[in-house]
Amino acid sequence: MKIYFPQWQGAGLGKNIESGAFAVLEYLKDLDFVQIPLSHISAGENGVQKFQINNYDAIYEQLQRFKQFLETEKPNTTATIGGDCGLEIVPVSYLNAKYPDLGVIWFDAHADINKPCDSASCNFHGMPLRTLLGEGESNMDNLMFSTINSSQIHYVGLRDIDEAEKIRLDSGSIYNPKKLNIPELISTLQSKSIENLYLHFDFDCLEPADYDKTYYQVPNGLMIKDAEECISELKRNFNVVGTSVLESITANLEELRPIEKIINVLMK
C-alpha cells in the first residue's frame with residue numbers, strides 16, 4: 001500500500017516539510033499513492049501544546065485517520081511519503097502486529113527516542129520510538145496497533161543524541177554503531193532471527209555535503225552511495241515490509257536528483 005501523508009506538525013513549525021513531501025510525490029508520478037488528509041486544527045505558530053507535545057490536537061487527529069485507514073485497508077506492506085518522523089508510530093506499530101519479528105532500521109541523524117518530558121523542543125518528531133516502546137505519552141497509545149521492544153531497533157547514521165536519549169540507548173542495549181558496517185548490521189539482525197524489516201529513512205541521515213535539502217543538517221553523515229548499498233543489501237537479505245522517506249524539504253524536483261535512487265528503491 002502506497003501512502004502519501006505529509007504531516008509536518010510533529011516538527012513544530014515544520015517549515016517546508018509538506019511541500020518537500022509533495023515534491024517527492026510529484027517526482028514519482030505514481031497514481032497508486034493514497035493521501036491521508038491532514039488536520040485543519042491550528043498548528044505551527046498558532047499551535048497549542050498539550051502533554052508537553054507541540055500541536056498535539058492536530059497530530060492526534062490526523063494520526064487517528066492514518067490508523068483508521070490501515071484498519072480498513074489491511075495492507076500487507078506500506079510505503080509512506082512523509083512528512084515528519086512522528087507519523088511512524090502508525091505504520092510501524094501496524095506492521096509489528098502483523099509481523100511479530102519485525103526489525104526496525106532507523107536511518108536518521110537523530111535518535112527520536114525522547115519522552116515528552118525530556119524533549120527540549122517538545123516536537124513529536126523526536127519522540128516516535130519512545131512512543132512505540134510504550135514509554136511515551138499514554139494518551140497516544142491508542143493510536144498504535146502494538147508496541148515494540150528495544151531489541152528491534154537498529155540505527156543507521158545516528159550522530160545527534162540528547163543526553164536522556166543516550167541513557168535509554170545504553171539501558172536497552174540498542175544497536176547504534178558510530179560508523180556503518182553493513183555485514184555487522186546484517187549479522188546482528190540474523191542473530192535475532194529477524195526476517196522482516198521496516199526501513200525508516202529520514203534524509204538527514206545523509207552527509208549534508210551529499211544532500212542538504214533536509215529539515216536538519218548534521219555533519220559527518222552517511223554518503224549517498226553507502227546508504228544505497230545498505231538499503232540494497234537489506235532488501236537482498238531480508239523481507240522488507242515497510243518503508244518511508246521523510247523530512248526532505250526541497251520543492252524543486254531537480255534538487256531531488258542526488259537522492260532519486262534512494263526514493264526509487266524505497267517507494268517503488
Side-chain angles (χ1 to χ4, degrees), residues 5 7-14 17 39 41 43-44 47-64 66-67 80 82-97 102-178 198 200-202 204-205 215-216 218 244 246-247:
F5 185 43
Q7 171 173 293
W8 58 269
Q9 296 93 328
L13 296 178
I17 286 181
S39 172
I41 295 173
V48 175
Q49 185 184 115
K50 283 186 182 177
F51 310 116
Q52 295 175 290
I53 298 172
N54 295 328
N55 306 321
Y56 176 86
D57 286 337
I59 293 168
Y60 188 94
E61 180 180 79
Q62 61 203 25
L63 287 180
Q64 198 167 43
F66 195 177
K67 184 186 182 189
T80 307
D84 71 69
C85 299
L87 65 84
E88 294 284 44
I89 69 169
V90 177
V92 172
S93 68
Y94 171 79
L95 292 167
N96 182 62
L102 188 71
V104 179
I105 314 299
W106 208 259
F107 287 85
D108 208 304
H110 305 93
D112 296 349
I113 201 166
N114 267 316
K115 285 183 175 181
C117 61
D118 293 328
S119 171
S121 70
C122 297
N123 292 332
F124 188 65
H125 71 162
M127 308 176 195
L129 283 174
R130 199 58 170 266
T131 308
L132 281 161
L133 286 166
E135 302 167 7
E137 171 48 51
S138 60
N139 285 286
M140 302 191 87
D141 288 351
N142 64 1
L143 295 171
M144 299 187 294
F145 295 86
S146 66
T147 56
I148 64 174
N149 300 313
S150 56
S151 62
Q152 294 175 258
I153 301 169
H154 306 79
Y155 287 103
V156 178
L158 176 64
R159 55 201 186 276
D160 189 355
I161 311 170
D162 293 343
E163 188 56 38
E165 293 180 307
K166 186 178 188 310
I167 292 169
R168 185 63 184 90
L169 296 185
D170 291 345
S171 70
S173 301
I174 295 174
Y175 183 85
N176 64 110
K178 287 185 167 54
Y198 187 96
H200 156 98
F201 202 96
D202 181 336
D204 72 11
C205 72
Y215 197 67
Y216 297 111
V218 183
S244 63
L246 308 170
E247 300 202 16

**Fill in**
To the nearest 0.5 Å, atom OG of S171 lies from atom NZ of K166 at 10.5 Å
**Prompt:** Which pairs pass salt bridge (Lys or Arg N to Asp or Glu O under 4.0 Å) with one or both residues in residues 123-137, sequence neighbours excluded?
**Reply:** R130-E135, E135-R168
**Prompt:** Taking C-beta and beyond as the side chain, do F201 and I105 meet within less than 4.5 Å on heavy atoms?
**Reply:** no
**Request:** Heavy atoms only: give me the nearest L246-L87 pair and the separation to one decimal.
**Result:** CD2-CD2, 3.9 Å
**Message:** Tell me every residue that passes salt bridge (charged side-chain N to carboxylate O under 4.0 Å, His left out) with R159, counting only those two or more places apart in sequence or in another chain.
**Reply:** none
**Item:** Closest approach of S150 to G172 (non-hydrogen atoms, all atoms of both residues)
**Value:** OG-O, 3.5 Å
**Request:** Output yes when a side-chain donor or acceptor of Q7 lies under 3.5 Å from a complementary backbone atom of G83, and no otherwise.
**Result:** no
**Message:** So F66 and T80, do their side chains get closer than 4.5 Å, heavy atoms only?
**Reply:** yes
**Message:** Within the structure provided, determine whether H200 and V92 are in side-chain contact (heavy-atom separation under 4.5 Å).
**Reply:** no
**Request:** Write down the atom of L102, the atom of Q152, and the distance for their closest heavy-atom approach.
**Result:** O-NE2, 2.8 Å
**Y216 ring center within less than 6.0 Å of H125 ring center** = yes
**Asked** If only atom types and distance count, is the side chain of Y215 paired as donor or acceptor with the main-chain N or O of A11 below 3.5 Å?
**Response** yes
**Request:** Show your working on side chain to side chain contact (heavy atoms under 4.5 Å, CB included) between T147 and D141 and close with a plain yes or no.
**Result:** CA-CA 9 Å; T147 56; D141 288 351; over 6 Å; no
**Item:** Close side-chain approach of P116 and Y56, heavy atoms under 4.5 Å
**Value:** no
**Prompt:** Which residue, I59, V48, D57, forms the side chain to side chain contact (heavy atoms under 4.5 Å, CB included) with I41?
**Reply:** D57
**Asked** Which pair of heavy atoms, one from F124 and one from G86, lies closest together, and at what distance?
**Response** CE2-O, 3.4 Å
**Complete:** Smallest heavy-atom separation, A109 atom then V218 atom, equals CB-CG2, 3.8 Å
**Asked** Hey, what do you get for CG (N114) to SG (C122), rounding to the nearest 0.5 Å?
**Response** 9.5 Å
**Fill in**
Residue pairs meeting salt bridge (Lys or Arg N to Asp or Glu O under 4.0 Å), one or both in residues 105-125, sequence neighbours left out, come to none
**Request:** Grab the two heavy atoms, one from G44 and one from L13, that are nearest each other, plus how far apart they are.
**Result:** C-CD2, 3.9 Å
**Prompt:** Does any donor atom in the side chain of E88 or S244 lie under 3.5 Å from an acceptor atom in the other side chain?
**Reply:** yes
**Check: D84 and N123 side chains under 4.5 Å, non-hydrogen atoms** = no
**Message:** Using 30° and 60° as the class boundaries, would you call the ring planes of Y175 and H154 parallel, tilted or perpendicular?
**Reply:** tilted
**Prompt:** L129 versus L132: any side-chain heavy-atom pair under 4.5 Å?
**Reply:** yes
**Message:** Test your reading of the model: is there a side-chain donor-acceptor pair from N55 to the backbone of Q9, 3.5 Å cut-off?
**Reply:** yes
**Complete:** Between the OH atom in Y60 and the CG atom in N139, the distance rounded to the nearest 0.5 Å is 7.5 Å
**Request:** Check whether any side-chain heavy atom of Y155 sits under 4.5 Å from a side-chain heavy atom of I161, and report yes or no.
**Result:** no
**Request:** May I ask you to decide if E247's main-chain N or O and D202's side chain share a donor-acceptor pair within less than 3.5 Å?
**Result:** no
